Colleague: 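Mind looking over this structure? Questions follow.
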Amino acid sequence: MTKKDETIKAVEAKNAISEVEKRPLKKFGKQETIEIEGIEYTFQFPGIRKAQQILDSSKMLNGVISDEAYNHQLMETVIVEPKTNWDYWDENSGYREVMALADNFLGRMFN
């Protein structure tokens with residue numbers, strides 16, 4: 001192996017750093033899985049901008065968060081597996097616990 005080949009190998013090895021090591025604070029797409037009553041729910045962070053949009057669009061005219069609007073968006077955006085909606089919760093238990101944990105997950109990602 002020539003000196004030039006060794007240099008190229010060294011540069012390639014340096015550039016082979018994983019995405020996690022390159023960007024340790026990257027939160028977009030970060031996932032967390034929890035199990036509630038035998039069902040695994042996966043939460044995924046949609047990014048700071050989308051998270052802020054969820055909060056802003058969930059506020060009523062008086063500035064108070066509407067739980068219905070907020071939880072609907074959690075189901076649409078944050079809870080990625082299994083896909084949930086209002087009909088899902090009519091047939092499955094754990095609604096309040098899953099929504100509280102999804103809210104907690106989203107809140108922790110804001111830091």
Side-chain angles (χ1 to χ4, degrees):
M1 182 178 288
T2 67
K3 182 86 171 168
K4 183 179 176 183
D5 290 339
E6 290 176 7
T7 302
I8 290 172
K9 273 200 169 272
V11 170
E12 288 175 345
K14 183 179 178 184
N15 290 336
I17 298 170
S18 71
E19 189 66 25
V20 173
E21 291 178 82
K22 287 180 187 174
R23 301 170 66 184
L25 298 178
K26 182 179 177 185
K27 295 183 249 180
F28 180 80
K30 186 171 183 175
Q31 293 188 339
E32 184 174 296
T33 299
I34 54 133
E35 184 176 328
I36 304 293
E37 301 195 21
I39 299 173
E40 286 191 349
Y41 293 91
T42 301
F43 305 145
Q44 181 172 298
F45 186 63
I48 291 290
R49 185 176 190 175
K50 183 62 180 171
Q52 187 63 58
Q53 289 172 342
I54 290 170
L55 289 173
D56 291 347
S57 65
S58 298
K59 289 181 184 174
M60 297 182 287
L61 293 176
N62 60 6
V64 175
I65 298 284
S66 162
D67 287 344
E68 186 272 341
Y70 182 68
N71 289 346
H72 179 78
Q73 292 191 72
L74 289 177
M75 288 186 262
E76 291 276 318
T77 309
V78 176
I79 303 168
V80 294
E81 188 66 34
K83 288 306 290 178
T84 60
N85 56 31
W86 297 111
D87 292 336
Y88 175 89
W89 292 114
D90 283 338
E91 299 172 5
N92 292 279
S93 58
Y95 169 76
R96 291 185 63 85
E97 189 172 2
V98 171
M99 291 302 125
L101 290 169
D103 174 47
N104 181 287
F105 170 78
L106 191 63
R108 280 186 282 120
M109 292 295 112
F110 267 114
N111 289 327

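Values in this document were obtained by computation on a predicted structure and should not be read as measured data.
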Colleague: List for me each residue that meets ring pair (Phe, Tyr, Trp, His ring centres under 6.0 Å) alongside Tyr95, sequence neighbours excluded, and say none if there are none.
Modeller: Trp86, Trp89
Colleague: In this structure, would Phe28 and Leu55 fall into the same cluster of hydrophobic residues linked by side-chain contacts under 4.5 Å?
Modeller: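 No, because Phe28 and Leu55 fall into different hydrophobic clusters, even though each may have its own neighbours under 4.5 Å.
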Colleague: Who else is in Met60's hydrophobic cluster (ILVMFWY, side-chain heavy atoms under 4.5 Å, direct or via others)?
Modeller: Val64
Colleague: State which residues pass side chain to side chain donor-acceptor pair (under 3.5 Å) with Gln53; sequence neighbours excluded, sorted by chain then number.
Modeller: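 Side chain to side chain donor-acceptor pair (under 3.5 Å) check on Gln53 returns nothing, list empty.
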Colleague: The criterion is side chain to side chain donor-acceptor pair (under 3.5 Å); which residues satisfy it with Glu32, sequence neighbours excluded?
Modeller: Arg108
Colleague: Would you check if Thr7 and Lys4 make a side-chain contact, meaning some heavy-atom pair closer than 4.5 Å?
Modeller: no
Colleague: I'd like to know whether Leu74 forms a side chain to side chain contact (heavy atoms under 4.5 Å, CB included) with Asn71, so could you lay out the CA-CA distance, the side-chain angles of the two residues, the decisive distance to 0.1 Å, and finally the verdict.
Modeller: CA-CA 5 Å; Leu74 289 177; Asn71 289 346; 3.7 Å; yes
Colleague: Under the side chain to side chain contact (heavy atoms under 4.5 Å, CB included) rule, what do Leu101 and Ile36 come out as? Steps first, then yes or no, please.
Modeller: CA-CA 10 Å; Leu101 290 169; Ile36 304 293; 3.6 Å; yes
Colleague: Counting only pairs under 3.5 Å, give me each side-chain donor-acceptor contact of residues 75-83, with atom names and distances, residues two or more places apart or in other chains.
Modeller:
from  : atom 1 : to    : atom 2 : distance (Å)
Thr77 : OG1    : Gln73 : O      : 3.3
Lys83 : NZ     : Glu76 : O      : 3.4

Colleague: Can you tell me how far apart CD (Glu6) and NZ (Lys9) are? Round to the nearest 0.5 Å.
Modeller: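 Glu6 CD to Lys9 NZ: 10.0 Å, rounded to 0.5 Å.
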Colleague: I need the Ile34 CD1 to Glu97 CD distance, nearest 0.5 Å.
Modeller: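 Going from the CD1 atom of Ile34 to the CD atom of Glu97 covers 6.5 Å.
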Colleague: Enter the distance from Ile54:CD1 to His72:NE2 here, rounded to the nearest 0.5 Å.
Modeller: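 Between atom CD1 of Ile54 and atom NE2 of His72 there are 10.5 Å.
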Colleague: Report all side-chain donor-acceptor pairs from residues 38-48 shorter than 3.5 Å, counting only partners two or more places apart or in another chain.
Modeller:
from  : atom 1 : to    : atom 2 : distance (Å)
Tyr41 : OH     : Tyr88 : OH     : 2.8
Thr42 : OG1    : Thr33 : OG1    : 3.3
Gln44 : OE1    : Gln31 : NE2    : 2.5

